[in-house]
J.: 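Below is the structure I would like to discuss, written out as structure tokens.
Values in this document were obtained by computation on a predicted structure and should not be read as measured data. A note on names: the letters A, B, ... follow the listed sequences, proteins ahead of strands, and every chain is numbered from 1.
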There are 2 protein chains.
Amino acid sequence: MTSPPQANGHAHHIAPLDASLLTIQRAETLKPVPEPGTYTFGDIKTDHMLVMTYDPVVGWSAPQIKPYGPLALDPASNCFQYCTNVFEGMKAILNPDGTPCMFRPVDNMRRLQSSGARMALPPFDADALLTCITKLVLTEARWIPAVPGHALYIRPTLIGTKPSIKVGASDHATLYTIVTPVGPYFPTTTGGVSLLAVGEHVRSWPGGTGGFKLGLNYSPGFVPQQAAAVLGYDQVLWLIGEDKQITEAGAMNFFAVVERDDGGLNIVTPPLDGTILPGITRDSTLVLLHAHAADTSRKILDLPVDKPVYIEERILSVNELAEWAKAGNLLECFGTGTAVLVVAVERIGDLVGADVKQVRDIEMKAGRGLGPVGQALWDKLLALKEGRDEFAGWSVKCE
Amino acid sequence: MTSPPQANGHAHHIAPLDASLLTIQRAETLKPVPEPGTYTFGDIKTDHMLVMTYDPVVGWSAPQIKPYGPLALDPASNCFQYCTNVFEGMKAILNPDGTPCMFRPVDNMRRLQSSGARMALPPFDADALLTCITKLVLTEARWIPAVPGHALYIRPTLIGTKPSIKVGASDHATLYTIVTPVGPYFPTTTGGVSLLAVGEHVRSWPGGTGGFKLGLNYSPGFVPQQAAAVLGYDQVLWLIGEDKQITEAGAMNFFAVVERDDGGLNIVTPPLDGTILPGITRDSTLVLLHAHAADTSRKILDLPVDKPVYIEERILSVNELAEWAKAGNLLECFGTGTAVLVVAVERIGDLVGADVKQVRDIEMKAGRGLGPVGQALWDKLLALKEGRDEFAGWSVKCE
């Protein structure tokens with residue numbers, strides 16, 4: 001909370017974000033909730049949304065839950081002109097007793113703060129926002145699908161609304177949250193996703209913004225994504241540099257599992273060097289793998305006891321994947337993210353000539369669905385998210 | 001214009017952008033026009049704006065000039081979530097007979113098309129948009145300041161409005177144009193701008209989007225810009241790579257002028273390698289310099305006849321600038337852009353140690369204001385923009 005002294009000597013009160021001021025204006029008529037399985041990711045609008053605004057003179061407004069509807073913004077707003085837009089992705093899932101739960105929500109709030117600071121947006125109290133989001137989830141509880149693999153996806157969004165085209169930071173902001181019921185992210189893919197390795201377009205770079213969850217990290221990928229689709233691939237595997245280092249897969253973090261000569265499994269993922277998103281599912285995956293590796297009975301994850309795992313956060317290139325596949329050691333690759341949880345990488349199209357159409361597929365020894373490690377992580381993470389299992393207090397009840 | 005056949009065999013009509021459908025709804029009361037010199041860049045809202053929308057089923061709506069006011073957009077809109085936002089900067093200036101003129105407006109329209117395509121936004125007819133923008137300028141003609149160095153700044157903006165948080169291209173769009181009367185971009189700087197050379201944050205990258213005019217290229221610079229301001233510099237000089245290659249200066253293209261041993265001047269600017277904006281003022285500067293160099297009487301620009309100019313588009317590093325300055329050969333540096341036209345670089349803070357506060361200033365031999373080349377370009381470009389001079393049909397009357 002900022003209270004700078006003013007020229008007249010009086011302290012000027014800049015209001016912090018205060019969850020106790022939350023008001024709820026309920027929609028007069030409620031929409032019908034569609035049957036799970038009848039919608040694709042992100043298309044359904046629920047009855048209510050959460051909105052608060054920041055003004056540099058008065059500070060944060062009282063948070064409002066109100067009927068879902070359009071935002072009215074000056075066309076000169078910073079968010080349109082210079083893309084000061086950051087967001088989070090979270091899910092609310094019903095636990096076995098029917099209580100909505102969120103997964104590591106404090107981590108999402110911290111990352112939203114970090115993303116907002118990178119865009120020079122006004123700061124906010126993370127606890128207060130989480131309290132308000134929890135209230136929104138409870139208000140929209142009837143929208144949470146009671147179907148395995150489904151969830152109420154939560155999208156907190158912070159945008160700069162300074163109404164001036166002068167190039168510079170936005171000292172006005174709107175912080176809002178919308179929710180939408182979702183099923184599996186890739187409904188048309190039974191086994192997993194195919195990836196085209198792309199180095200011509202670069203998603204992020206050292207000194208860039210790939211380590212933050214900014215809206216602007218995503219749209220530069222749309223044209224390469226469309227080009228990959230034309231060649232028959234679902235998503236792009238983003239590379240950087242002449243040695244074809246892997247950064248991310250589509251909008252997911254990337255893992256490869258390699259069989260060792262001693263019967264163990266090396267699980268490799270790129271490090272948090274500022275070019276990749278510090279994914280919360282990525283972190284959960286690493287924590288679970290380390291816990292499993294450290295557990296002498298190896299019972300954290302449902303993996304064969306004679307397959308010890310070794311975790312490596314290190315630079316990883318698509319050339320290495322090709323070599324491992326050639327040697328018959330590339331067991332599986334998978335992507336992680338809030339929207340997908342864990343998704344198998346079916347195959348990776350690797351450009352082997354100067355002509356973009358000369359693509360050779362890297363195949364996985366475990367086949368096209370989830371391999372043993374991806375499946376064990378899926379099972380464990382879903383159980384934790386659905387509140388059927390417990391680990392480190394990650395699942396938090398909405399109450 | 002796209003007319004794909006439909007499943008039933010009938011051609012489906014996707015409406016192109018059609019300037020003949022433009023309607024004008026005038027504001028009921030007009031705002032007072034403020035005195036030039038009383039406002040800073042980008043703050044004033046005029047009476048009207050130009051708006052048209054794209055829907056994938058019907059195509060482009062009829063363009064509308066209507067009272068300036070907020071845009072109402074779904075909070076799930078692609079522009080908020082994934083930053084599919086592109087824009088242009090143009091100026092309308094009164095020529096000596098009082099007719100509003102624009103400078104190379106077709107080039108702005110082409111660049112907006114190119115930027116929109118990079119963001120996978122719906123295509124539009126550039127001639128039709130320019131016709132509508134011309135009509136907006138004429139509608140807002142009373143806002144064009146009749147003061148030298150002032151102009152009506154024009155901001156065409158194209159944003160993705162698909163109302164879904166699914167990561168992917170926007171098949172809905174809003175294309176709008178606002179205008180604002182402006183004075184000099186850097187009103188607090190009498191001579192020019194000071195630059196802090198920054199390599200820690202990188203504005204653009206090979207395979208990135210620095211070669212397009214995307215909103216998302218600007219906001220990552222706000223935090224470094226604030227840090228530069230704390231150290232007493234107006235703007236950032238963006239570097240890339242260990243050899244400290246210069247890309248852009250703030251939001252401008254960068255030029256250095258070096259004295260040669262033979263009495264001539266080398267004018268050096270980074271090449272269009274995809275990491276810098278293809279600035280229209282940059283291009284005009286290069287065309288004028290080449291025309292001057294090729295003109296045996298050397299009368300295109302007001303430069304000493306005994307100072308022939310040699311133009312180099314090549315990779316340029318801040319280390320080279322430091323060496324030239326040390327040798328006493330760095331005559332001047334300047335930035336170019338629509339908002340600033342030509343602005344002197346007063347000094348460049350170059351990081352010489354590991355500690356960010358160890359900054360050594362590179363000074364210009366010509367001093368802190370515009371040197372002879374920058375001044376000659378300023379004079380020529382302003383005369384062309386104000387319609388007092390003519391070159392290659394660059395100044396286009398609004399009629």
Side-chain angles (χ1 to χ4, degrees), chain A residues 40-43 45 49 51 68-76 78-85 87 117-120 153 155 157 159-160 163-170 176 178 180 199-202 204-209 214-216 218-223 225-226 240 250-251 339, chain B residues 40-43 45 49 51 68-85 87 117-120 153 155 157 159-160 163-170 176 178 180 199-202 205-209 214-216 218-223 225-226 240 250-251 339:
Chain A
T40 59
F41 188 95
D43 286 343
K45 310 295 161 61
M49 62 182 184
V51 182
Y68 188 101
L71 303 175
L73 293 172
D74 192 295
N78 201 284
C79 59
F80 298 133
Q81 301 294 329
Y82 305 120
C83 300
T84 41
N85 306 340
F87 70 92
R118 182 64 188 83
M119 291 282 94
Y153 184 88
R155 175 56 64 97
T157 308
I159 62 175
S164 167
I165 59 170
K166 171 115 181 162
V167 177
S170 180
Y176 65 94
I178 55 177
T180 181
E200 180 198 2
H201 294 286
V202 176
S204 65
W205 52 84
T209 58
L214 313 181
L216 62 83
Y218 294 84
S219 49
F222 294 168
V223 164
Q225 159 71 33
Q226 290 175 337
I240 185 170
Chain B
T40 58
F41 188 95
D43 287 343
K45 311 294 160 62
M49 62 183 185
V51 182
Y68 188 99
L71 303 175
L73 294 173
D74 192 295
S77 293
N78 200 284
C79 59
F80 298 133
Q81 301 294 329
Y82 306 119
C83 300
T84 41
N85 305 340
F87 70 91
R118 182 64 188 83
M119 290 282 93
Y153 184 88
R155 175 57 63 96
T157 309
I159 62 175
S164 168
I165 59 169
K166 171 115 182 161
V167 176
S170 180
Y176 64 94
I178 56 178
T180 181
E200 180 198 1
H201 293 285
V202 176
W205 191 265
T209 58
L214 313 182
L216 62 84
Y218 294 83
S219 48
F222 294 168
V223 164
Q225 158 71 32
Q226 291 175 335
I240 185 171

J.: Please determine, among A:Gln225, A:Arg155, A:His201, the option with the most heavy-atom pairs under 4.5 Å with chain B.
T.: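 Result: the option with the highest number of such pairs is A:Arg155.
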J.: Sort B:Leu73 into side chain, backbone, both or neither according to what part of it lies under 4.5 angstrom from a heavy atom of chain A.
T.: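 When you check distances to chain A, atoms from both the backbone and side chain of B:Leu73 fall under 4.5 Å.
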J.: Side chain, backbone, both or neither: which part of A:Phe80 has a non-hydrogen atom closer than 4.5 Å to chain B?
T.: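 When you check distances to chain B, atoms from both the backbone and side chain of A:Phe80 fall under 4.5 Å.
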J.: What residue in B:Ala251, B:Ser219, B:Pro206 has the most heavy-atom pairs under 4.5 Å with chain A?
T.: B:Ser219
J.: Sort A:Leu214 into side chain, backbone, both or neither according to what part of it lies under 4.5 angstrom from a heavy atom of chain B.
T.: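 Looking at A:Leu214, nothing touches chain B.
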J.: Taking side chain as everything from C-beta outward and backbone as N, CA, C, O, which of these in A:Ala117 sits under 4.5 Å from a heavy atom of chain B? Side chain, backbone, both or neither.
T.: backbone
J.: In terms of heavy-atom proximity below 4.5 Å to chain B, should A:Leu71 be classed as side chain, backbone, both, or neither?
T.: both
J.: A:Met119 versus A:Leu216: any side-chain heavy-atom pair under 4.5 Å?
T.: yes
J.: Does any backbone or side-chain atom of A:Arg118 lie under 4.5 Å from a heavy atom of chain B? Answer side chain, backbone, both or neither.
T.: both
J.: Between A:Phe41 and B:Ser164, is there a side-chain heavy-atom distance shorter than 4.5 Å?
T.: no
J.: Under a 4.5 Å heavy-atom cut-off, does chain A meet the side chain of B:Ile159, its backbone, both or neither?
T.: side chain
J.: Flag the one option from B:Gly221, B:Ala76, B:Gly168 with the top tally of heavy-atom pairs under 4.5 Å to chain A.
T.: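 Of the options given, most contacts go to B:Gly168.
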J.: Can you tell me which of B:Thr157, B:Thr180, B:Thr209 forms the most heavy-atom pairs within a distance under 4.5 Å of chain A?
T.: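 Of the options given, most contacts go to B:Thr157.
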J.: A:Pro163: which residues meet the side chain to side chain contact (heavy atoms under 4.5 Å, CB included) condition with it, sequence neighbours left out?
T.: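 Expected list: A:Asp74, A:His172, B:Lys45.
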J.: Of all of A:Gly160, A:Ala72, A:Ser204, which one pairs up most often with chain B through heavy atoms under 4.5 Å apart?
T.: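 Heavy-atom pair counts peak at A:Ala72.
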J.: I'd like to check the side chain to side chain contact (heavy atoms under 4.5 Å, CB included) partners of B:Ala169; sequence neighbours left out, ordered by chain and number.
T.: A:Phe222, A:Gln226, B:Ala120
J.: Looking only at heavy atoms and a cut-off of under 4.5 Å, which of B:Cys79, B:Pro220, B:Pro70, B:Pro75 has the most pairs with chain A?
T.: B:Pro75
J.: Classify the ring geometry between B:Tyr218 and B:Phe87 as parallel (under 30°), tilted (30 to 60°) or perpendicular (over 60°).
T.: tilted
J.: Relative to chain B, which of A:Gly42, A:Gly207, A:Gly208 shows the most heavy atom pairs under 4.5 Å?
T.: A:Gly207
